[in-house]
**Q** 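To start, I am sharing the structure in question, which I have written as structure tokens.
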Amino acid sequence: MPKEIDRFIRNKREQELAQYADQLASQLAITADIYDKSGDFPFEHYDILRKNNFFDLTIPEEYGGRGISLYEIILIQERLARCDASTALSVGWHLGFFYNLSVVRPWKEDIFKRLCEEAITSGELLNLFVTEPAGNPGRGGRTQTIARKVPGGYILKGRKSFCTLAPILQRFTVYASLENEETYGEFLVEKSDKIQLVTTWDTMGMRSTGSHDLILDEVFVPEHDLMGEYGSGLERLGKDSGASLFHIPAVYSGIAFSARDLILDFATNYSPPSLQGSISELPHVRAKLGELELELKTARTLLYAAAARWDENIEYRPHMSVEFQHAKHVVCNKAIRIVELAMRIMGGKSLLKANKLERLFRDVHCGLHNPPMDDQVIDGLARNALEEFKKNESTLHKL
């Protein structure tokens with residue numbers, strides 16, 4: 001990893017976490033391209049992370065974890081993604097899952113404690129599966145996975161899509177519509193022969209996240225594993241204002257940072273026969289490098305500022321949803337622009353499969369399809385602006 005001075009590292013603890021993430025990232029980098037080409041799930045990467053206690057990061061300190069802050073999650077995820085964005089994005093869902101549970105505490109404490117301890121002692125990962133082939137309940141509509149009440153528990157039947165980490169999970173939670181009721185239930189489900197993994201994940205980018213489909217065929221879930229009932233499909237996640245999803249833009253910021261380092265190295269050292277020096281001396285190249293740097297600094301400043309505000313202002317947290325969405329939109333779209341600028345500078349070589357920029361180009365575009373989507377963010381900003389204007393309209397008329 002490059003030994004740059006990172007102005008977003010503010011203290012010794014963050015410096016140690018950054019070094020920790022850099023060391024892990026350098027190990028993942030060795031085989032990242034192999035898994036990108038094959039699309040196989042990188043079990044060995046998770047062995048590395050497990051041996052280095054990575055899965056403990058967002059477990060609360062009271063249960064033996066490190067209880068890192070949102071700012072520290074961003075710092076680690078961004079650095080991991082510089083070398084292997086696919087693994088960073090997928091393991092980020094585990095980090096975000098436990099971060100949400102730690103902040104919101106929606107479950108019975110004894111169950112939460114047990115899952116925390118299992119994550120630490122045996123490296124058990126967790127993720128929540130909501131999306132289905134027909135769509136995501138976050139856009140409205142009712143999930144088609146049904147939970148039917150039976151003596152002692154529930155029978156679940158349905159299909160979930162984009163089940164990141166599915167190949168390695170021994171348990172997970174799913175949202176299901178409670179039969180004959182208007183509410184949703186979140187169920188803790190153990191893997192069994194009633195659950196089929198369908199290998200649907202063959203994508204352009206983020207190829208080794210293992211985000212396959214899962215078919216639940218009459219799966220029995222004991223009553224005590226109903227974790228909660230909610231009035232909307234994403235209600236629990238919404239209670240942290242989106243903080244637990246903020247690992248996502250950190251990954252795309254990491255991709256952009258990697259592209260920036262690659263192109264600076266290329267521009268500094270590439271000297272075609274038509275030049276006395278390197279292409280970094282050409283005005284049009286320097287203009288692109290300057291624009292690239294401007295975009296990256298803007299994106300990272302917004303990313304870290306939002307995380308710091310969340311950590312430092314507990315009373316402001318309920319109002320941060322729009323801010324998180326805004327940051328995700330800006331970071332992901334600027335990351336795309338940064339990679340494209342890097343490719344314009346490098347030229348045709350950037351299209352080669354052997355060139356890391358080609359992988360970064362494919363991976364960075366996946367950010368458009370991670371929640372929240374651009375159209376939802378724009379609509380949310382408009383609604384928020386209108387609501388704020390209406391609240392202050394009478395005051396404005398008096399000015």
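The figures here come from the full heavy-atom set of this structure, side chains too, leaving out hydrogens, waters and symmetry mates.
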**Q** Report the C-alpha separation of K334 and T298 in whole Å, then their side-chain angles, then the decisive distance to 0.1 Å, and conclude whether the side-chain hydrogen bond (donor to acceptor under 3.5 Å, both in side chains) test is met.
**A** CA-CA 9 Å; K334 286 190 177 299; T298 301; 5.3 Å; no
**Q** Show me the donor-acceptor pairs, under 3.5 Å and distance only, between side chains in residues 339-351 and residues at least two apart or in other chains.
**A**
unit_1: S350; atom_1: OG; unit_2: G347; atom_2: O; d: 2.7

**Q** Between V174 and L156, is the side-chain contact (heavy atoms from CB on, under 4.5 Å) condition met? List the steps.
**A** CA-CA 10 Å; V174 298; L156 271 59; 3.6 Å; yes
**Q** Report the relative orientation of the aromatic rings in F266 and Y270; use parallel for angles under 30°, tilted for 30 to 60°, perpendicular for over 60°.
**A**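 F266 vs Y270 ring planes: parallel.
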**Q** If you apply the rule salt bridge (Lys or Arg N to Asp or Glu O under 4.0 Å), what do you find for R142 with E182, and how did you get there?
**A** CA-CA 9 Å; R142 192 159 174 79; E182 295 298 319; 5.1 Å; no
**Q** Listing request: all ring pair (Phe, Tyr, Trp, His ring centres under 6.0 Å) pairs with a residue in residues 326-349, at least two apart in sequence or in separate chains.
**A**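 Matches after skipping sequence neighbours: none remain.
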**Q** Does a side-chain heavy-atom distance below 4.5 Å link I48 with L28?
**A**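 A side-chain contact under 4.5 Å exists here.
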**Q** Evaluate whether atom CG of L386 has more than 12 neighbouring non-hydrogen atoms of other residues, nucleotides or ligands under 6.0 angstrom away.
**A**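 Yes, CG of L386 has more than 12 neighbouring heavy atoms, counting only those of other groups under 6.0 Å.
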**Q** Indicate the atoms forming the closest heavy-atom contact of D56 with A119, along with that distance.
**A**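 Scanning both residues completely, I find the closest heavy atoms to be OD1-O, 3.9 Å.
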**Q** Show your reasoning for whether side-chain hydrogen bond (donor to acceptor under 3.5 Å, both in side chains) applies to T145 and E132.
**A** CA-CA 8 Å; T145 301; E132 297 176 339; 2.5 Å; yes
**Q** Under the 6.0 Å and 45° cation-pi test, does R105 pair with Y99?
**A**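 The answer is no; the distance or angle limit is not met.
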**Q** Membership question, hydrophobic clusters at under 4.5 Å side-chain separation (ILVMFWY): are V377 and L368 in the same one?
**A**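 Result: no, two separate clusters.
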**Q** Looking at Y46, I'd like to know if the NZ or CZ of R50 sits under 6.0 Å from its six-membered ring centre while staying within 45 degrees of the ring's axis.
**A**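 Judged by the rule, R50 and Y46 form no cation-pi pair.
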**Q** Which ILVMFWY residues are connected to Y35, directly or by a chain of links, through side-chain heavy atoms under 4.5 Å apart?
**A**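 Its cluster mates, by chain and number: none.
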**Q** If you measure only the distance, is there a donor-acceptor pair under 3.5 Å linking the side chains of T209 and S90?
**A**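 There is no such pair between these side chains.
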**Q** Without hydrogens or angle criteria, can the side chains of S241 and S321 be said to hold a donor-acceptor pair below 3.5 Å?
**A**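 Looking only at side-chain atoms, S321 and S241 do not form any donor-acceptor pair under 3.5 Å.
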**Q** Is K149 close enough and on-axis enough to Y154, meaning under 6.0 Å and within 45°, for cation-pi?
**A**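 Judged by the rule, K149 and Y154 form a cation-pi pair.
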**Q** Treating Ile, Leu, Val, Met, Phe, Trp and Tyr as nodes and any side-chain heavy-atom pair under 4.5 angstrom as an edge, say whether L237 and W107 lie in one connected cluster.
**A**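 In one cluster with L237: W107, yes.
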**Q** Among the clusters formed by ILVMFWY side chains lying less than 4.5 Å apart, do F257 and V331 turn up in the same one?
**A**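 Each belongs to a different hydrophobic cluster.
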**Q** Give the other cluster members for V330, using side-chain heavy-atom distances under 4.5 Å between Ile, Leu, Val, Met, Phe, Trp and Tyr residues; answer none if it is isolated.
**A**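 Besides V330, the hydrophobic cluster comprises L302, listed by chain and residue number.
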**Q** Could you go through T143 and Y184, starting from their C-alpha distance and side-chain angles, then the distance that decides it, and tell me whether this counts as side-chain contact (heavy atoms from CB on, under 4.5 Å)?
**A** CA-CA 8 Å; T143 179; Y184 292 87; 3.1 Å; yes
**Q** For R362, check salt bridge (charged side-chain N to carboxylate O under 4.0 Å, His left out) against everything at least two apart and list the hits.
**A**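 With neighbours one apart ignored, the set is D36, E358.
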**Q** Quick one: does L216's side chain get under 4.5 Å of K194's, heavy atoms only?
**A**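 In short, these two side chains do not touch, never coming nearer than 4.5 Å.
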**Q** Using a strict threshold of under 4.0 Å (side-chain N to carboxylate O), is an ion pair present between E186 and R236?
**A**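 Yes, charged N to carboxylate O under 4.0 Å.
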**Q** Taking R13 first and then E72, would you say they form a salt bridge - that is, a charged N and a carboxylate O separated by under 4.0 Å?
**A**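 Salt bridge between R13 and E72, a charged N being under 4.0 Å from a carboxylate O: yes.
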**Q** Check whether any side-chain heavy atom of T173 sits under 4.5 Å from a side-chain heavy atom of F187, and report yes or no.
**A**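 A side-chain contact is absent here, since even the closest heavy-atom pair is not under 4.5 Å.
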**Q** Answer whether the closest heavy-atom distance between the side chains of K108 and F112 falls below 4.5 Å.
**A**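 Not in contact.
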**Q** Answer yes or no: is there an ion pair linking K160 with D213, defined by an N-O contact shorter than 4.0 Å?
**A**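 Salt bridge flag = no for D213 with K160.
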**Q** Would you check if there is a donor-acceptor pair between the side chains of H45 and T87 at a distance under 3.5 Å?
**A**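 Yes - a donor-acceptor pair under 3.5 Å links their side chains.
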**Q** Indicate yes or no: does K51 engage D47 in a salt bridge with an N to O separation below 4.0 Å.
**A**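 Answer for the salt bridge query: no.
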**Q** In terms of heavy-atom contacts, does CZ of F162 have more than 12 from other residues, nucleotides or ligands at under 6.0 Å?
**A**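 Count not over threshold, so no.
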**Q** Is the charged tip of R309 near the ring of Y71: under 6.0 Å from the six-membered ring centre and within 45° of its axis?
**A**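 R309 over Y71 ring: no.
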**Q** Is the backbone N or O of C163 less than 3.5 Å from a side-chain atom of W93, with the two atoms forming a donor-acceptor pair by type?
**A**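 The answer is no, because no donor-acceptor pair under 3.5 Å joins these two groups.
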**Q** Taking the six-membered ring for Trp, are F55 and F98 closer than 6.0 Å centroid to centroid?
**A**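 No, ring centres 6.0 Å or more apart.
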**Q** Check T58, I59, I111 against C116 for a side chain to side chain contact (heavy atoms under 4.5 Å, CB included) and give me the one that passes.
**A**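 Answer to the side chain to side chain contact (heavy atoms under 4.5 Å, CB included) test with C116 among T58, I59, I111: I59.
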**Q** With side-chain contact (heavy atoms from CB on, under 4.5 Å) as the test, would you mind laying out the steps for Y20 and N52 before giving the verdict?
**A** CA-CA 9 Å; Y20 164 79; N52 288 275; 4.3 Å; yes
**Q** Going by side chain to side chain donor-acceptor pair (under 3.5 Å), name the residues that satisfy it together with E312, two or more places apart in sequence or in a different chain.
**A**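 Scan of E312 (side chain to side chain donor-acceptor pair (under 3.5 Å), adjacent residues dropped) gives R10.
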**Q** Between R300 and D6 (salt bridge meaning N to carboxylate O under 4.0 Å), is one present in this structure?
**A**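 A salt bridge is present here (some side-chain N lies under 4.0 Å from a carboxylate O).
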**Q** What do you reckon, is NZ of K113 surrounded by more than 12 foreign heavy atoms closer than 6.0 Å?
**A**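 Not more than 12 within 6.0 Å, no.
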**Q** Run through the side-chain heavy atoms of Ile, Leu, Val, Met, Phe, Trp and Tyr, join any pair under 4.5 Å, and report what else lands in I215's cluster.
**A**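 Hydrophobic cluster check, I215: joined to V198.
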**Q** Sequence neighbours left out, what pairs pass salt bridge (charged side-chain N to carboxylate O under 4.0 Å, His left out) with at least one residue falling in residues 84-93?
**A**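 Residue pairs passing salt bridge (charged side-chain N to carboxylate O under 4.0 Å, His left out), neighbours aside: none found.
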**Q** Determine whether more than 12 heavy atoms belonging to other residues, nucleotides or ligands lie under 6.0 Å from atom CD of E315.
**A**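 Enclosed.
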**Q** Give the other cluster members for L352, using side-chain heavy-atom distances under 4.5 Å between Ile, Leu, Val, Met, Phe, Trp and Tyr residues; answer none if it is isolated.
**A**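 Taking Ile, Leu, Val, Met, Phe, Trp and Tyr as members, L352 stands alone, with no cluster partners.
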**Q** Under a 3.5 Å threshold, yes or no: a donor from one side chain and an acceptor from the other, between Y304 and E78?
**A**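 Yes, a side-chain donor-acceptor pair sits under 3.5 Å.
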**Q** Can you check whether P371 reaches I248 side chain to side chain, under 4.5 Å on heavy atoms?
**A**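 Touching, per the 4.5 Å side-chain cut-off.
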**Q** Between P372 and K328, is there a side-chain heavy-atom distance shorter than 4.5 Å?
**A**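 Result yes, sub-4.5 Å side-chain heavy-atom pair found.
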**Q** Hey, any chance I74 and V91 share a hydrophobic cluster, counting ILVMFWY side chains that come within less than 4.5 Å of each other, even indirectly?
**A**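 Shared cluster, yes.
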**Q** Are D363 and R207 close enough, and set up right, to give a salt bridge (Lys or Arg N to Asp or Glu O under 4.0 Å), and what steps lead you there?
**A** CA-CA 8 Å; D363 283 346; R207 287 180 45 75; over 6 Å; no
**Q** Salt bridge check: are R114 and D110 linked by an N-O gap of less than 4.0 Å?
**A**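 No, this pair does not count.
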**Q** Identify, with sequence neighbours excluded, every residue that meets ring-ring contact (aromatic ring centres under 6.0 Å, His included) alongside F324.
**A**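 So F324 forms a ring-ring contact (aromatic ring centres under 6.0 Å, His included) with F246, W310.
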**Q** Any side-chain donor paired with an acceptor under 3.5 Å for T301 and R7?
**A**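 Yes, a side-chain donor-acceptor pair sits under 3.5 Å.
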**Q** Applying ring-ring contact (aromatic ring centres under 6.0 Å, His included), can you list everything that pairs with F54, at least two apart in sequence or on another chain?
**A**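 Applying ring-ring contact (aromatic ring centres under 6.0 Å, His included) to F54 gives none.
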**Q** Answer whether the closest heavy-atom distance between the side chains of V221 and L226 falls below 4.5 Å.
**A**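 Not in contact.
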**Q** Could you check whether R317 pairs with D240 (Lys NZ or Arg NE/NH1/NH2 to Asp/Glu carboxylate O, under 4.0 Å)?
**A**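 Looking at R317 and D240, the cut-off is not met.
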**Q** side-chain contact (heavy atoms from CB on, under 4.5 Å), that's the test. Do L188 and H224 meet it? Break it down for me.
**A** CA-CA 9 Å; L188 182 64; H224 60 73; over 6 Å; no
**Q** Please name all residues satisfying salt bridge (charged side-chain N to carboxylate O under 4.0 Å, His left out) with K157, sequence neighbours left out, ordered by chain then number.
**A**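 K157: salt bridge (charged side-chain N to carboxylate O under 4.0 Å, His left out) contacts with D217.
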